[in-house]
Protein chains: 2
Amino acid sequence: MEKKAAKPREDQRVRLTKQMIQGAFLELLNQKSIQNITVKELCERAGVNRGTFYLHYHDVYDLLDQMQKALLAELNALLDGTPVLFINTPRETSGAFITALVQFFDNNRELCAVLLGENIDKKFLAAVIDAPRDKSVREYRALFPNASRQKIEIFYYFIAWGFIGLIQQNLRHPSAFSFKTLVSSAERIITEGVQFLAEPDG
Amino acid sequence: MEKKAAKPREDQRVRLTKQMIQGAFLELLNQKSIQNITVKELCERAGVNRGTFYLHYHDVYDLLDQMQKALLAELNALLDGTPVLFINTPRETSGAFITALVQFFDNNRELCAVLLGENIDKKFLAAVIDAPRDKSVREYRALFPNASRQKIEIFYYFIAWGFIGLIQQNLRHPSAFSFKTLVSSAERIITEGVQFLAEPDG
DNA sequence: AAAGATAATCAACATTGTGTTCATAAATAG
DNA sequence: CTATTTATGAACACAATGTTGATTATCTTT
């Protein structure tokens with residue numbers, strides 16, 4: 001049996017401190033690469049003592065890690081329950097998961113833009129790509145029992161990278177196209193391939 | 001008029017030094033993230049004086065940059081001459097560019113695996129994605145005059161990310177599938193979408 | 001509201017890597 | 001062979017790191 005720890009609710013001081021630090025961190029990440037961000041300047045900007053920083057994080061990369069992990073926990077929660085497939089079968093509308101996924105990126109726009117941006121390593125990207133993999137592959141296997149596992153994985157990775165690529169593009173240039181356009185376009189590309197370019201919009 | 005500098009051919013000592021440093025760098029990058037690599041340990045492993053390192057590079061990230069730039073110059077050379085399109089039109093075979101591109105990754109396997117791996121930022125990835133963009137978009141516009149620029153760019157990014165995703169997957173797990181399989185699969189996914197999974201192999 | 005527990009602050013400290021400099025030795029190109 | 005270029009080794013000031021201990025401030029619980 002698991003004991004539901006009934007979260008003691010984090011000390012308000014800790015919450016505020018972390019909030020200040022993470023806020024300053026995001027500001028800095030919008031200005032420069034992570035390797036040029038020092039604990040010292042981060043704390044000065046956050047208005048927090050440097051010693052306090054080390055009370056919560058081992059270093060700047062640990063801070064990044066913790067923020068990533070929190071986000072990924074949120075993302076993984078989306079995987080429970082709903083089927084995951086980008087498309088259920090040709091021409092159907094997008095599932096609940098894909099909607100929730102897009103909303104997830106929209107809700108965490110600033111942080112996701114940084115984590116998927118050029119200044120930071122690919123650990124978050126890799127985690128996002130891999131998160132829905134197993135479940136997705138299973139669903140594809142059910143839909144296409146004759147397709148080999150290799151084939152399905154190739155298809156999965158192609159689609160997943162393509163989709164995240166569009167997400168990244170949107171996060172960097174929000175005005176280029178909307179998330180709504182993104183989802184419907186991805187759906188049509190997945191179901192029809194290049195035909196997408198030949199057909200009329202809508 | 002440009003004066004073709006007729007490269008004076010780099011001093012042998014310099015060539016050897018850089019080779020040693022870059023070799024040690026790759027070794028280290030296979031072991032740990034770049035942020036944990038210090039100039040000191042890098043030079044010790046390379047058997048090069050630390051002062052010598054600073055004679056050629058400003059810091060570890062400058063070293064990375066120079067290696068990236070050299071690779072990207074090679075890649076951009078592939079863009080001259082040949083048409084670039086992943087597929088010319090449904091069901092045709094892949095063009096010269098895509099073949100050269102795959103060979104490029106194969107020839108520079110170790111370095112590309114690192115540059116597209118998780119430990120490093122996304123600058124190289126972004127550059128690889130964007131390199132063929134303009135040319136590619138132009139060619140798509142010619143093939144599909146009725147498609148909007150937005151539509152074409154969306155298609156381009158989806159395909160480009162998907163393709164590089166498969167490349168990355170292969171670089172990390174070379175045994176999962178061959179480059180040959182990769183190319184033919186990508187072609188079929190692009191032309192047919194999910195149908196790819198329904199059809200028999202080959 | 002008081003008491004005990006927890007967190008934040010501040011100053012100090014040893015440590016480590018950085019980036020530069022200089023004199024010297026070694027290798028190279030012409 | 002000679003002038004030039006490069007690598008070496010040691011020394012240096014500097015900056016950020018990560019930790020410590022004493023003190024103050026703030027929370028939580030009763």
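All chains are named by letter (A, B, ...) in the order of the sequence lines, taking the proteins before the strands, and each is independently numbered beginning at 1.
Residues meeting the ring-ring contact (aromatic ring centres under 6.0 Å, His included) test with B:Phe104, sequence neighbours left out: none. Partners of B:Phe179 according to the ring-ring contact (aromatic ring centres under 6.0 Å, His included) rule, which considers only residues two or more places apart in sequence or in another chain, do not exist here. Judged as a side chain to side chain contact (heavy atoms under 4.5 Å, CB included), and not counting sequence neighbours, the contacts of A:Val60 are A:Phe25, A:Ile34, A:Val39. When the side-chain hydrogen bond (donor to acceptor under 3.5 Å, both in side chains) test is applied to B:Arg45, the partners found at least two apart in sequence or on another chain are B:Glu27. When the ring-ring contact (aromatic ring centres under 6.0 Å, His included) test is applied to B:Phe177, no partner is found at least two apart in sequence or on another chain.
Axis angle, first five pairs versus last five pairs of the helix from C:dA1-D:dT30 to C:dG30-D:dC1: 50°, rounded to 10°.
Distance CG (B:Asn49) to P (D:dA10): 9 Å, rounded to an integer number of Å. For the pair A:Tyr57 OH and C:dA8 P, the interatomic distance rounds to 10 Å; values are reported in whole Å. The distance from atom CD of B:Glu10 to atom C1' of D:dT5 is 13 Å, rounded to the nearest whole Å. Rounded to an integer number of Å, the gap from A:Leu55 CG to C:dC10 P is 14 Å. For A:His56 and C:dT6, the NE2 to P distance is 14 Å, given to the nearest whole Å. Taking atom CD on A:Gln35 and atom C1' on D:dA16, their separation rounds to 16 Å, with Å as the unit. At whole-Å resolution of the value, CG in B:Leu63 and P in C:dT18 are 13 Å apart.
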Q | Check against side-chain hydrogen bond (donor to acceptor under 3.5 Å, both in side chains), B:Asn107 and B:Gln103 | A | CA-CA 6 Å; B:Asn107 291 341; B:Gln103 242 164 28; 5.4 Å; no
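Of the residues in residues 36-46 of chain B, those lying under 4.0 Å from DNA chain C by heavy-atom distance are B:Thr38, B:Val39, B:Lys40. For the contact set between residues 18-29 of chain B and DNA chain D, defined by any heavy atom under 4.0 Å, there are no members.
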List the atom pairs, with distances to 0.1 Å, where a side-chain N or O of residues 72-82 of chain B and a protein N or O form a donor-acceptor pair under 3.5 Å, not counting sequence neighbours.
unit_1, atom_1, unit_2, atom_2, d
B:Asn76, ND2, B:Leu72, O, 3.2

Could you tabulate the donor-acceptor pairs under 3.5 Å formed by side-chain atoms of residues 158-165 of chain B, not counting sequence neighbours?
none

Taking only distance into account, with no hydrogens and no angle test, what donor-acceptor pairs under 3.5 Å do side-chain atoms of residues 113-120 of chain A form with protein atoms, sequence neighbours excluded?
unit_1, atom_1, unit_2, atom_2, d
A:Asn119, OD1, A:Ser33, OG, 3.3
A:Asn119, OD1, B:Lys123, NZ, 3.4

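In this structure, B:Asp134 does not pair ionically with B:Arg138, as no charged nitrogen and carboxylate oxygen lie closer than 4.0 Å. Between A:Arg188 and A:Glu199, at least one side-chain N (NZ, or NE/NH1/NH2) sits under 4.0 Å from a carboxylate O, which counts as a salt bridge.
The 12-atom threshold is not exceeded at CZ of B:Arg15, counting heavy atoms of other residues, nucleotides or ligands nearer than 6.0 Å. Within a 6.0 Å sphere centred on NZ of A:Lys32, heavy atoms belonging to other residues, nucleotides or ligands number more than 12.
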Under 3.5 Å, which protein N or O atoms sit close to an N or O of nucleotides 19-26 of chain D? Give each pair with its distance.
unit_1, atom_1, unit_2, atom_2, d
D:dT26, O2, A:Arg13, NH1, 2.7

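At the phosphate of D:dT28, OP1 or OP2 sits under 4.0 Å from a side-chain N or O atom of A:Gln12.
Of the candidates C:dC10, D:dG18, C:dA7, the closest approach to any side-chain atom of A:Val14 belongs to C:dA7. Side-chain proximity of A:Asp59 to C:dA8, D:dG18, D:dT8: nearest is D:dG18.
Counting only distance, with no hydrogens or angles, the side chain of B:Gln35 and the backbone of A:Tyr61 share no donor-acceptor pair below 3.5 Å.
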